[in-house]
Structures are given as structure tokens and as C-alpha cells.
Amino acid sequence: GRVAGVSERGSEHRAPVGGRSRSSRRPGLKGGSERVSEGGRPHTPSPMAEAPRPTAQPADEPLFKEVKFFVVGDIDPRVIQLLKAGKAKEVSYNALATHIIAEDGDNPEVGEAREVFDLPVVKPSWVFLSVRCGQLLPVTGFSPEGGQIFSGITACLSRVSAEDRNTLWALITFHGGDCLLKLNKACTHLIVPEPQGEKYNCALELSSIKIVTPDWVEDCVAAKSQKDESTYHPRLIVQEEEEEEEDEEEEAEEQARDEAELE
């Protein structure tokens, strides 16, 4: 359908997270703004800021040299190729492993590895992103098990700056979700700061895709649960701005009438 080929490339403008923001935000964050509550208190920093930093590997040392992995279920063959290319060793029993690689968090072997052997269970994306970053990434945030804030969420990011895209990507994946730059039917959410763009128009035609502003991601993390998407639709920002403009015009007219009466 129309959705399949819609990617980040093209003429789409990329606005910062706070380019046009909700009235509950104020300047502060890079590329966006500082979250504040209704009572005016600053937003609590996300757990992402407290996440452990990646462990850098010496340039001449294989990336996965210290990794012994056990695969649960079916995974992309490229994952195993990358692990072995980085000198990781595949073991035949989960108790011998340092890492369990799995896509299905509900598999009984995943629960056994975590609960009985206290082993880290990671999605294949941990391997891909570690290779991309050139260092072993923290396993926290790559668990395939459900119960995380963005479990079951596949978000497409559109029309945000590169810096904000990286931040949103990190928050979503750290809390159990997945991100894409291409909009397709696998997406559950389109994250876009304005009600504009080719992806936005395509998402409007698909009831399976919920459209939200970047605020939704930050507020979900702050609340440690998914917020109602209906209050974060980007068209609401435009409506709020139009209402504010109308209020300002009415105030200006009223002030003009008061001044005229004084004269």
C-alpha cells in the first residue's frame, strides 16, 4: 500500500521535539523543552539518564570475545554470524552462557535462564546495536520479556531533529519498544511533532497506527506507564495555538475598547 515505501528521506522537514509544544512545556531541554507538571514542578529525569554507560572495547580486541551465548527460539541468522565474527562462543546449555539471545520473551527457557540462572536475556537488537556502536551496550533495556513501558510498541519517528531522534529512539528501546524510520503496517505509533508530512497523511488512513507527539514518550517514561494517546495527537497542538491566538485577539480588542472609552 501507500505506507510501505514512506521513509525518512525526502523533503520532510525535521522539527525539534519542542518546535511547537504543548502549553505545559517550557524551554530547557536540548532540541525541546523542560517537562513540568501541572503544579509547575520540573519533570523527573528519565531512568535513561541513569543507565550504565557502554563498556568500550580496545580497538584490537574482538567485540564479543568474552561472550558465551545461548539462542532460544528462532532468530535472524545474521545475529549468530555477527557474534561469531566478534569471537563469541555459542554454548549448548543455557547455564553455561553469559548471555541468552531470544525474540520471544514468553518462552519458558527465557524465564528459566533469568529466574534460575540469573542470566541476562537480550533481543537480537543488542547484537546489532553493539556492533554499530563498536562497544558492548548495557543489557538493560534489551529484554524481550513483556511488562516494560513500551512493550509491544513499534514506533516510527518523523520530522524530528537528529539529536531528538536519537533521544526518543533510546527512550523507547530502553523501555522495551522498537523504532523504525520507515512507516509500514508493522508500526503501532507514528511520533511526529506536527500534523504534517507524507508519513502523517499515510498514518491517518490506517486505524492501526496511533499518532502522537514526542511528548507522549517523555510523559510515559515519567509516569512509568503508557499514557492515553488521544490527548497527544499533534493536531491538538494546532488547536491550542489557534485558541491562544483567539484569546489574545479578544484581549487586544477589549483593551482597545477600554482605551477608547477613556478618551
Side-chain angles (χ1 to χ4, degrees), residues 7-8 46-157 162-163 165-182 184 186-188 217 221:
S7 67
E8 190 68 25
S46 78
M48 192 65 194
E50 300 176 3
R53 294 184 179 277
T55 303
Q57 295 288 111
D60 58 346
E61 191 171 313
L63 181 60
F64 299 113
K65 180 181 178 181
E66 303 299 326
V67 173
K68 296 178 182 179
F69 69 95
F70 179 79
V71 174
V72 175
D74 296 325
I75 65 170
D76 189 331
R78 292 178 299 168
V79 175
I80 297 176
Q81 292 173 5
L82 288 171
L83 285 165
K84 290 185 174 180
K87 302 303 180 183
K89 181 180 179 181
E90 185 172 10
V91 296
S92 57
Y93 182 53
N94 57 9
L96 302 176
T98 60
H99 294 73
I100 306 298
I101 314 294
E103 283 276 16
D104 181 10
D106 296 326
N107 190 300
E109 288 188 84
V110 170
E112 180 186 36
R114 185 180 294 280
E115 295 171 13
V116 178
F117 301 112
D118 196 26
L119 294 172
V121 182
V122 294
K123 295 184 291 187
S125 56
W126 175 78
V127 177
F128 289 125
L129 293 177
S130 290
V131 170
R132 180 176 295 182
C133 295
Q135 51 195 323
L136 293 182
L137 298 176
V139 295
T140 305
F142 287 95
S143 172
E145 295 178 283
Q148 300 184 75
I149 296 173
F150 297 121
S151 292
I153 299 296
T154 299
C156 175
L157 309 180
E163 183 177 3
R165 182 174 64 233
N166 291 339
T167 299
L168 292 167
W169 194 298
L171 286 172
I172 292 168
T173 57
F174 184 84
H175 292 285
D178 292 301
C179 286
L180 300 173
L181 293 182
K182 289 185 178 180
N184 56 43
C187 295
T188 60
V217 175
V221 172

Spacing of [X] atom [atom1] and [Y] atom [atom2] [to the nearest 0.5 Å]:
X	Y	atom1	atom2	value
Leu171	Asn166	CG	CG	11.0 Å
Leu168	Glu163	CG	CD	10.5 Å
Leu137	Gln135	CG	CD	6.5 Å
Asp104	Ile75	CG	CD1	12.5 Å
Thr98	Glu66	OG1	CD	9.0 Å

Mind checking side chain to side chain donor-acceptor pair (under 3.5 Å) for [X] and listing every partner two or more places apart, or none if nothing turns up?
X	answer
Thr188	none
Glu112	Asn94
Asp76	Arg78

Nearest heavy atoms of [X] and [Y], plus distance in Å:
X	Y	result
Gln148	Ser143	NE2-O, 3.1 Å
Pro124	Ala102	CD-O, 3.7 Å
Gly105	Val110	O-CG1, 3.9 Å
Ala95	Leu119	CA-CD1, 4.5 Å
Val217	Phe150	O-CZ, 3.8 Å
Leu63	Ser130	CD2-O, 3.7 Å

Can you pull the salt bridge (Lys or Arg N to Asp or Glu O under 4.0 Å) pairs that have at least one residue in residues 81-93, sequence neighbours excluded? Lys84-Glu90

Hey, could you give me each pair passing salt bridge (Lys or Arg N to Asp or Glu O under 4.0 Å) that has a residue in residues 123-143? Not counting sequence neighbours. Lys123-Asp178

Report the C-alpha distance between Arg165 and Leu181 in whole Å, list the side-chain angles of each, state the deciding distance to 0.1 Å, and finish with yes or no for side chain to side chain contact (heavy atoms under 4.5 Å, CB included). CA-CA 10 Å; Arg165 182 174 64 233; Leu181 293 182; 3.5 Å; yes

May I ask you to test the Val72-Ile101 pair for a side-chain heavy-atom distance under 4.5 Å? no

Any side-chain heavy atom of Ile153 within less than 4.5 Å of one from His175? no

What pairs meet the ring pair (Phe, Tyr, Trp, His ring centres under 6.0 Å) rule with one or both residues in residues 68-123, with sequence neighbours excluded? His99-Trp126

Kindly determine whether Thr173 and Phe142 satisfy side chain to side chain contact (heavy atoms under 4.5 Å, CB included), including the steps that lead there. CA-CA 7 Å; Thr173 57; Phe142 287 95; 5.5 Å; no

